[in-house]
Peer 1: 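What follows is a single structure, and I will ask about it in a moment.
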There are 2 protein chains.
Amino acid sequence: MIDRTAEAPPARRMRPDVQRSLDALLTAAAEVFASDGVDAPVRRITAKAGVGAGTLYRHFPQRSDLITAVFRHEVDACAEAAPALADQYEPVEALTRWLRHLARFVAAKRGLKSALHSGDPAYQSLPAYFMERFVPALTQLLDAAAAAGDIRSDVIPYDLLRAISGIVEPDDDAYTQRMIALLVDGLRYGTHPALPK
Amino acid sequence: MIDRTAEAPPARRMRPDVQRSLDALLTAAAEVFASDGVDAPVRRITAKAGVGAGTLYRHFPQRSDLITAVFRHEVDACAEAAPALADQYEPVEALTRWLRHLARFVAAKRGLKSALHSGDPAYQSLPAYFMERFVPALTQLLDAAAAAGDIRSDVIPYDLLRAISGIVEPDDDAYTQRMIALLVDGLRYGTHPALPK
DNA sequence: TTGCAATACGGAACAGTGTTCCATATTGTG
DNA sequence: CACAATATGGAACACTGTTCCGTATTGCAA
């Protein structure tokens, strides 16, 4: 679900009409993003929310602000899956599983991949938030695996996140998984010899 | 340069006005693509070519047809670099160098990366042509390296091409190269042990 | 409660985009 | 040289994102 109060932490109290607009906007955007992807026309969102275009732009001057607000909780959940996996599996297995988790997350949000890599100013703050959450999560997994001597320690988490989100192919999960496996094997190369396949 | 005759191999002779339109269109498109990327507005191309919009759509119903026509020779040249590198370097080195070559090619054509992965029907035939040329080139390099026992033999060339063109980051060549190196290391994993770094 | 300043609202208007369509102009041929 | 076939240019259309402003809503002070 979506947290309708997270938008203005400093504001003392929110005018009820603002609250309603924000509420309708976020709900509508979530539905539209889910069905039509994050590149869906603005008008479809405002129409579904029963709100004017001006209202949308007032609250979300950057398109990425709306996307961030809508996906915030899911991004957080994905990041928080990292420690859980680290507890449950051995380091490399946990790493692999989390990368797959991440890939499915990106793949599930149609258009998110291109938005992340477009460089379009309308999406400026989007990669920032993703990295802010995912870099620490991934760093933890990489460090654990490196400490165990299962992977090398010269890989930059940020690099790997970019690579994963670049590789993701929403319509071909099998391919995406093969490529993640290949990247993980790349991380292992140069450590102890591979076990027999 | 651009081959102005390649558009209609079956046609006996081309009406001179058609020849001129095609010529102007391809030249203008090449310049515009180079400066503004392949997503440049259609009107800019037609304006520079001194041609109407109808003329463009008559000759290139799909946007990807125009892109393909413009880049045909460069794609071919990139594909033909593979055998040359295979002669000059040992297998894995040749493979790595060609993948870098490919990455630079994709990066140099602004917007090409997204066009390749957009799934937009306007770009349908584009990946087809790229794969048609690049799959054989890459297959040759992979087979040579696998025959030498330097990489595994279970990797699908098509997969690797998709992955490279997904990873490419036009504004960060160093990153792109790091990730290519990581993928190549993934290909090596499970073969003979790595040499000391 | 009432009046008023501050704020937010809706949606029309604007500036771009890709694409289609057809009256006009060009060309090859009998 | 006339005429049918073809190609051309650009106006017109449908659809974007974004801005702007007259109107409506709200909270606060008197």
Side-chain angles (χ1 to χ4, degrees), chain A residues 4 7-8 10-29 32-33 36-67 110-111 114-115 118-126, chain B residues 4 7-8 10-29 32-33 36-67 110-111 114-115 118-126:
Chain A
R4 273 92 193 189
E7 274 315 300
R12 261 289 156 250
R13 224 175 19 189
M14 201 173 263
R15 265 177 61 162
D17 54 343
V18 175
Q19 186 69 257
R20 252 185 306 111
S21 294
L22 232 40
D23 192 55
L25 232 20
L26 287 169
T27 305
V32 171
F33 287 167
D36 300 9
V38 297
D39 289 324
V42 171
R43 277 167 177 73
R44 202 187 304 266
I45 297 172
T46 56
K48 179 161 282 194
V51 142
T55 304
L56 188 154
Y57 280 94
R58 162 179 300 272
H59 293 297
F60 306 100
Q62 298 261 42
R63 192 188 176 83
S64 58
D65 296 336
L66 179 56
I67 302 176
R110 295 280 156 156
S114 358
S118 66
D120 187 323
Y123 294 108
Q124 264 178 347
S125 72
L126 196 50
Chain B
R4 273 92 192 190
E7 275 315 300
R12 259 289 156 249
R13 225 177 17 190
M14 201 171 261
R15 265 177 62 161
D17 54 342
V18 174
Q19 186 69 257
R20 250 183 309 112
S21 295
L22 232 41
D23 191 55
L25 233 19
L26 287 169
T27 304
V32 172
F33 286 166
D36 299 11
V38 298
D39 289 324
V42 171
R43 277 167 176 73
R44 202 187 304 267
I45 298 173
T46 56
K48 179 160 282 194
V51 143
T55 304
L56 187 154
Y57 280 93
R58 161 179 298 274
H59 293 298
F60 305 101
Q62 299 261 43
R63 192 188 176 81
S64 58
D65 296 336
L66 179 57
I67 302 175
R110 295 281 157 154
S114 359
S118 66
D120 187 323
Y123 293 109
Q124 264 178 346
S125 73
L126 196 50

Peer 1: Would you check if the side chain of B:Thr46 reaches a backbone N or O of B:Arg43 as a donor-acceptor pair within less than 3.5 Å?
Peer 2: yes

Peer 1: If you look at every strand shown and take non-hydrogen atoms under 4.0 Å, does A:Thr46 touch a base, only sugar-phosphate, or nothing?
Peer 2: nothing

Peer 1: Check whether any side-chain heavy atom of B:Ser114 lies under 4.5 Å from a side-chain heavy atom of A:Ser114, and answer yes or no.
Peer 2: no

Peer 1: Drop me the distance from A:Ile45's CD1 to A:Leu56's CG, to the nearest 0.5 angstrom.
Peer 2: 6.5 Å

Peer 1: Closer than 4.0 angstrom, basic N to acidic O: yes or no for A:Asp36 and A:Arg110?
Peer 2: no

Peer 1: Atom CG of B:Leu22 and atom CZ of B:Arg58: how far apart are they, to the nearest 0.5 Å?
Peer 2: 11.5 Å

Peer 1: Could you tell me whether a side-chain N or O of A:Arg63 sits under 3.5 Å from a main-chain N or O of A:Pro121, the two making a donor and an acceptor?
Peer 2: no

Peer 1: Are any of the side-chain heavy atoms of A:Val18 and A:His59 separated by less than 4.5 Å?
Peer 2: yes

Peer 1: Across nucleotides 15-20 of chain D, 5' to 3', mark each nucleotide with B, S or - according to how protein heavy atoms within less than 4.0 Å reach it.
Peer 2: -SBBBB

Peer 1: Could you give the CZ-to-P distance, from B:Arg58 to D:dA7, as a whole number of Å?
Peer 2: 5 Å

Peer 1: Taking 5' to 3' order, which nucleotide of DNA chain C is first and which is last to have an atom within less than 4.0 Å of a heavy atom in chain B?
Peer 2: C:dT17 to C:dG28

Peer 1: So how far is it from B:Leu66 CG to B:Leu126 CG, rounded to the nearest 0.5 Å?
Peer 2: 10.5 Å

Peer 1: Ignoring backbone atoms, test whether B:Ser21 places a side-chain nitrogen or oxygen under 4.0 Å from the OP1 or OP2 oxygen of D:dA7.
Peer 2: no

Peer 1: Using the C1' atoms of five pairs at each end, what's the angle between the two axes of the helix from C:dT1-D:dA30 to C:dG30-D:dC1, to 10 degrees?
Peer 2: 20°

Peer 1: With heavy-atom distances below 4.5 Å as the criterion, would you say the side chains of B:Ile67 and B:Phe60 are in contact?
Peer 2: no

Peer 1: Indicate whether any N or O donor in one side chain lies under 3.5 Å from an N or O acceptor in the other, for B:Ser21 and B:Thr55.
Peer 2: no

